[in-house]
2 protein chains.
Amino acid sequence: MRTELAELALALFVERGYEDTTVEDIAAAAGLSKRSFFRYFPSKEDVLFGDVEDLADRVADAVRARPAGEEPWAVLHAVLREWEARIHAAQWDMAALRLIESTPALRARLHQRRDGMRDRISTALRERPGTGLDTFTADLLTACAAAAIDAATREWLRHDGTDDRGELVDRAFTMLAPGP
Amino acid sequence: MRTELAELALALFVERGYEDTTVEDIAAAAGLSKRSFFRYFPSKEDVLFGDVEDLADRVADAVRARPAGEEPWAVLHAVLREWEARIHAAQWDMAALRLIESTPALRARLHQRRDGMRDRISTALRERPGTGLDTFTADLLTACAAAAIDAATREWLRHDGTDDRGELVDRAFTMLAPGP
DNA sequence: GACGTACATGTCACTCGATGACATATGCTT
DNA sequence: AAGCATATGTCATCGAGTGACATGTACGTC
C-alpha cells in the first residue's frame, strides 16, 4: 500500500505538478481517504522519500566500520560512493529526482533529511578511534561531502542520467580532496 | 512596520518556540490582523529572513567583479568572506541564528535561499572571462562554499559567538582548498 | 469644501496540509 | 462465539496561506 501510494503520487505529481496535486487526490487514486494517507506517510512530501529513517544510522555504522588508519575524507568518499546508489537510484527514478530538484518544497525536505544525516555521520566520523578530529572539521567535511553528492546528482540529471553516478561522485570527491 | 513585525516575531519565537507561535499571535502583538501580516511577509518563515531578495544578485556581481586571473575557489572565498558578515551578523543576532539552526522548518527555508543563491553564483562564476569552468565544477565549488559558510556558522554558534567569524570562514575555505 | 485617488488595513470565506477523537469493519486467535 | 488487533472511515479542528471586497485615512486637485 505504501508503495502503491508512492507510485500513484509520483505519477500525479509528474502529470499535474506537485502543488496542484492535493493529498486527497492521491488518496482517492488509491481508494483511500485523506486521513488514511497520513497513516502511511507523515506528510505529503514524505511520499517521495522512501524509508530512509534508519538509513542515516546505517551509513554512520559504515563510517565506523572503515579501516582504522583511513583519512576522514577517504572514509566519506568510500562510504558515500557505496551508499549513494542505494540512497538515490534504488528508490527514486529520474522522474522523482527531477521533480525534487525543481520543487522548492521538496528540495527543502531533501535538505532536512541531509541535515539529520549529517549530524550522525559527523559524529560517527569523530568517534573513529585514532583520528582526533575536532567537531568543526568533522562537520565541515561531512557538509562538504553532502554538497558533493548533491552536485553529482545535479550533473547526472543535467545529462539525462547517461553518466555513471559512481564516477561522478569520484570526480567530485577527488576535486575537493582537502590539502595536507 | 516590517522591522517591528520581525522583532516581535523573533521575541515570540524565542519565548514560546517557533511552532507554538501562530501568525495571528505575531500580528496581534503588532496590532494587526493575520491578513495584514501576510502583506508584509509572504510566509511565516520569511519574517526571520530579511530582505535578501536582491542579495544573491549582488553577491553574483561581486563574483564577476573579482580580478581576472583569480582561481574560482579564491573568488568564492574572497566574496563570501566579505558578504557572510552582511548576510548573517548584520541582520540576525545570535538568537535568530540559534532559532533557525534548531528549527527544521527554518533550516529548510534557509537551504531554499541558499539554493537560489547557489545557482546565481555558480552562473556568475562560469561567466568570468578566461576561466573555462564547466557547469559541474562551478556547481560543485559553489555548493561546497555554501557548506563552508554553513559549517562556520555552526561552529560560531557552538562557541556562543566568541569566535571571529571571518577567521572561521578562512579556516573552512583553506581546509577545503581544492588540489591542483 | 467636495471630490477622487492611492494606500494600508480589516473582514470574510475558502483551500489545503495536518492532527486528534471516535466509530466501524475485517480478519485472526483462543 | 468472544475477544482483540489492524486498517479504515468520519468528523471536527487548527494553522498557514490566498482571494475578494469593504473601509478608513491621507493626499492631492478642482
Side-chain angles (χ1 to χ4, degrees), chain A residues 1-53 96 99-100 102-113 115-116, chain B residues 1-53 96 99-100 102-113 115-116:
Chain A
M1 193 79 237
R2 264 182 75 95
T3 344
E4 192 185 332
L5 271 174
E7 282 166 11
L8 285 168
L10 178 57
L12 287 173
F13 290 161
V14 169
E15 186 191 337
R16 343 207 292 233
Y18 177 79
E19 313 284 356
D20 293 333
T21 307
T22 71
V23 170
E24 218 155 2
D25 292 339
I26 305 168
L32 290 180
S33 70
K34 183 178 83 169
R35 193 63 184 85
S36 286
F37 173 92
F38 286 109
R39 287 186 178 113
Y40 286 100
F41 298 97
S43 81
K44 184 183 174 187
E45 289 123 32
D46 280 306
V47 78
L48 281 182
F49 298 89
D51 244 334
V52 216
E53 293 315 312
L99 190 67
I100 293 171
S102 61
T103 308
L106 293 174
R107 282 204 55 84
R109 190 61 154 214
L110 181 65
H111 280 303
Q112 235 169 293
R113 297 254 172 185
D115 274 354
Chain B
M1 193 79 237
R2 265 183 73 95
T3 342
E4 191 186 333
L5 271 174
E7 281 166 11
L8 285 169
L10 178 57
L12 287 173
F13 289 161
V14 169
E15 186 191 336
R16 346 209 291 230
Y18 178 78
E19 314 284 355
D20 292 333
T21 307
T22 71
V23 170
E24 218 155 2
D25 292 338
I26 306 168
L32 290 180
S33 69
K34 182 178 86 169
R35 193 64 184 86
S36 286
F37 173 92
F38 286 109
R39 288 187 177 114
Y40 286 100
F41 299 97
S43 80
K44 184 183 173 186
E45 289 124 30
D46 281 304
V47 79
L48 280 181
F49 298 89
D51 246 335
V52 215
E53 293 315 311
L99 190 67
I100 293 171
S102 61
T103 309
L106 293 174
R107 280 203 56 82
R109 190 59 153 218
L110 180 66
H111 280 304
Q112 234 169 293
R113 298 255 172 183
D115 273 355

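Naming: A, B, ... by sequence-line order, numbering from 1 per chain.
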Could you tell me how far apart [X] ([atom1]) and [N] ([atom2]) are, to the nearest whole angstrom?
X	N	atom1	atom2	value
B:Phe38	C:dC12	CZ	C1'	16 Å
A:Leu32	D:dT10	CG	P	11 Å
B:Phe37	D:dT18	CZ	P	11 Å
A:Met1	D:dT6	CE	P	18 Å
A:Glu45	C:dA18	CD	P	6 Å
A:Asp25	C:dG17	CG	P	8 Å
A:Phe41	D:dA7	CZ	C1'	15 Å
A:Arg109	C:dG17	CZ	P	13 Å

key: Heavy-atom donor-acceptor pair, A:Thr103 side chain to A:Ile100 backbone, under 3.5 Å   = no
query = Within the side chain of B:Lys34, is there an N or O that forms a donor-acceptor pair under 3.5 Å with the backbone of B:Thr22?
reply = no
query = So, does the side chain of A:Arg35 form a donor-acceptor pair with the base of C:dG17 at under 3.5 Å?
reply = no
key: Check: B:Lys34 side chain, D:dG17 base, donor-acceptor under 3.5 Å   = yes
Please confirm whether the shortest side-chain N or O distance from [X] to OP1 or OP2 of [N] is below 4.0 Å.
X	N	result
B:Tyr40	C:dT9	yes
B:Ser33	C:dT9	no
B:Ser36	C:dG10	yes

note = Here the gap from A:Leu110 atom CG to A:Glu45 atom CD, rounded to the nearest 0.5 Å, amounts to 11.0 Å
remark   = Value for CG (B:Leu48) from CZ (B:Arg109), rounded to nearest 0.5 Å, stands at 11.0 Å
5'-most by nearest nucleotide on DNA chain C - A:Glu24 or A:Arg39 = A:Glu24
key: NZ/NE/NH1/NH2 to OD/OE distance under 4.0 Å, B:Asp46 and B:Arg2   = no
